[in-house]
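Here's the structure, in structure tokens; my notes come after.
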There are 2 protein chains.
Amino acid sequence: MPSRVRISDVASAAGVSIATVSASLNEVESARISADTRARVREVADRLGYVPNRLAQGLRAQRSSTIGFIGDRVATTPYAVGMVRGALEAARAADRVILLMNAEGDPELESRELATLLQHQVDGVLYATMYHRSVEVPSGLGATPVVLVDAESADPTVSSVVPDEISGATTAVGELLDHGHRRIGFINNTEPILAATGRLEGYTRTLERAGIGLDPTLIIAAPSIGPEGGYRAARQLLELPERPTGLFCFRDLMAMGVYQAASEAGLRIPQDLSVVGFDNMEFAAGLDPGLTTVALPHYEMGTWGVRELLGLIDSPSRKAKQVKLCGQLIRRRSVAPPPT
Amino acid sequence: MPSRVRISDVASAAGVSIATVSASLNEVESARISADTRARVREVADRLGYVPNRLAQGLRAQRSSTIGFIGDRVATTPYAVGMVRGALEAARAADRVILLMNAEGDPELESRELATLLQHQVDGVLYATMYHRSVEVPSGLGATPVVLVDAESADPTVSSVVPDEISGATTAVGELLDHGHRRIGFINNTEPILAATGRLEGYTRTLERAGIGLDPTLIIAAPSIGPEGGYRAARQLLELPERPTGLFCFRDLMAMGVYQAASEAGLRIPQDLSVVGFDNMEFAAGLDPGLTTVALPHYEMGTWGVRELLGLIDSPSRKAKQVKLCGQLIRRRSVAPPPT
DNA sequence: GTGAAAGCGCTAACAG
DNA sequence: CTGTTAGCGCTTTCAC
């Protein structure tokens, strides 16, 4: 923080008091400053390259214009990038700044980082998780407002925004239905996170609504860390006596494994097998054929999160909102009508 | 920034002056505080949940303990994640906090964000780019120290850290040579960025050193945004009368296209064709076979960047360093000896 | 050993 | 219309 020009420098250069400088620059209505003075002050401030010291402003105003963004490992994964970007954007629009922290899933570290955020007097905290899941609201925040991003809480007094998993799955399965598929498999994740249960519910509900009886053999859970899980599940599904013609995958990464299994089984995508993924990761467009997938609303969750937080900061008594945001279907070339 | 407990609260609760609280908590040597008092103050502070106000400390100390991280689009791309994480980690270790900004490649926005960073009195700024390239050092920073991350400058007075492209390419090509390949193609990027020229130089140098004459028909530049460029280049290369047995790709995404072209040409990887990528993106492990690739030192650049910055902050007269960090070969299954 | 006081840069209330 | 003053929470001489 090297020496920079202070308000008093501007004041003496302009031949006025610091109060006049402050009032001129901040366009304070109540203070009657002549247009002349105002203009001169502004001119001098510009010439000197004066920028107000936000630390001092914050100390005075009891508000730092700063928002903390803390993620369990969130700063870490490509997933998170959208949320951070959304938050950054919304913060900038409101002339706020983001203090980023990454707890890497370590609760002890997390509470230390939260404390650091408080020391820096953040006006509010965005608490984000890498996967959509249920969390405890971080404690020790005192009266500082929080909003949960990509996470929800049992506590109805805390605001949160999550993806609408059910509607996401409905969109994905709907795309398959629309192309005429009737036997549709679902390769789910094994971990019992909300993303998994929600997508399963969307899948079953959508099929039921379409009048298609549920066939439990068409649902397989597998580890979703890499394509292997998807690969193995797909092999199993494709060996069924009456194999599915369309597959909905929990993640794009699993769909990647499906492509592999299909190729080994001599099945072409989409002519013989249609597949839709979830996540819209960077490589999805690069698969051959391009993977139709559901994009999660990461960016939108980020922006919603800071807007909600700003609202909470302005009126702390405002009641909490829990919101679900829909994902968007990205159509590429991996879905076609089923073979006849 | 809701009301929190101040030093004066601790002072009155402990029955001492605020000066004593400050000295006790900060373990000031020169101030002779009895062990008793010190302990009592600490106990009271803990009980009250006192944390110092960093805004006030910063104002007083003329140092905010804050570092700005600004990227041209950096917060945006999976690439960047490693740098941000590295920076976060190093900052935390030094009890500093990171203010993140994203300029999205807009110079006008960038200078506004830089100004905002200055208003918030950051002690220094990390300026990061998405691709390794040469940049102008951002102006208007005054005396605030900067370090460039994944970018370099013609100006020798500014510190920077970039990947060692030449050694990265050497590593990649070396892996192919080690397996006995002699005809090695290079699918490069078309844009004239440092990453492209450096990798090309590494490629040619390594072949020359191995006593292999350079064959210009084996070098093809193509757009690297998606796999298509890699696909087309690979088709061309694989149709050569004497086709290469190993391919080095500018990016993993291009390698993805190579896989496709190879499969269409009836060539198996790695038995008929070996390929090595660059980037180690998440999907690289998921390709079939897993892609051998060079991981860029993003994380390390992030940590190096803040350490260098902290050094500069402590001793502004210290002379700048330009550093190149080596990437790491990630061996998977896409490289084998050439067919005989 | 500990406290009083000044001052970091700023804004707002009040005087003039 | 503009200047003086107090005070945001903290650290640091300097007295006692």
Side-chain angles (χ1 to χ4, degrees), chain A residues 1-42 44-45 48-66 95 118-123, chain B residues 1-42 44-45 48-66 95 118-123:
Chain A
M1 205 161 94
S3 72
R4 311 208 238 255
V5 14
R6 294 147 303 170
I7 198 171
S8 60
D9 298 328
V10 179
S12 49
V16 296
S17 76
I18 59 168
T20 303
V21 175
S22 175
S24 302
L25 262 24
N26 295 330
E27 321 239 9
V28 177
E29 304 293 326
S30 54
R32 268 119 237 297
I33 311 278
S34 72
D36 271 15
T37 313
R38 204 179 286 264
R40 186 158 40 87
V41 166
R42 231 197 282 273
V44 172
L48 264 40
Y50 169 75
V51 291
N53 181 329
R54 297 283 210 130
L55 256 41
Q57 287 184 324
L59 186 58
R60 168 74 226 219
Q62 300 290 79
R63 152 178 299 216
S64 66
S65 298
T66 267
D95 193 27
L118 291 187
Q119 292 190 193
H120 281 271
Q121 309 300 116
V122 293
D123 297 329
Chain B
M1 202 162 94
S3 71
R4 312 208 239 255
V5 13
R6 294 147 304 168
I7 196 171
S8 60
D9 299 328
V10 178
S12 50
V16 294
S17 74
I18 60 168
T20 303
V21 175
S22 175
S24 302
L25 261 24
N26 295 330
E27 320 240 8
V28 178
E29 303 294 323
S30 54
R32 267 120 238 299
I33 310 279
S34 72
D36 270 17
T37 312
R38 204 179 287 263
R40 185 158 41 87
V41 166
R42 233 197 281 274
V44 172
L48 263 40
Y50 169 74
V51 291
N53 181 331
R54 298 285 212 126
L55 257 41
Q57 287 184 323
L59 186 58
R60 166 76 225 220
Q62 298 290 84
R63 152 178 298 217
S64 67
S65 298
T66 267
D95 193 26
L118 290 188
Q119 293 190 192
H120 281 273
Q121 310 299 115
V122 293
D123 296 330

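This is a predicted model, so every value here is computed, not measured. First the proteins, then the strands, lettered A, B, ... as listed; each starts at 1.
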For a quick test of reading the model: is some side-chain N or O of A:T20 closer than 4.0 Å to OP1 or OP2 of D:dG3? yes
Phosphate contact (D:dT2 OP1 or OP2) by A:S34 side-chain N/O below 4.0 Å: yes
Heavy-atom donor-acceptor pair, A:S64 side chain to A:Q121 backbone, under 3.5 Å: yes
In Å, rounded to the nearest 0.5 Å, how long is the span from CG of B:L55 to CD of A:Q57? 10.5 Å
Only one of B:S22, B:S24, B:S17 passes side chain to side chain donor-acceptor pair (under 3.5 Å) with B:T20, and that residue is B:S17
Using a 4.0 Å heavy-atom cut-off to protein, can you give one letter per nucleotide of nucleotides 8-16 of chain C, 5' to 3': B if the base is in contact, S if only the sugar-phosphate is, - if neither? BBBBB----
Taken to the nearest whole Å, CG/A:D36 to P/D:dC1 is 10 Å
Which atom names give the shortest non-hydrogen contact between B:V41 and B:V10, and what distance separates them? O-CG1, 4.2 Å
From CZ of B:R32 over to C1' of D:dA15, roughly how many Å is that when rounded to an integer? 16 Å
What distance do A:H120 atom NE2 and B:N53 atom CG have between them, rounded to the nearest 0.5 Å? 10.0 Å
Nearest-0.5 Å distance, OG1 of residue A:T66 to CZ of residue B:R54: 13.0 Å
Would you mind classifying the nucleic acid contact of B:S30 as base, sugar-phosphate or nothing, using non-hydrogen atoms under 4.0 angstrom? nothing
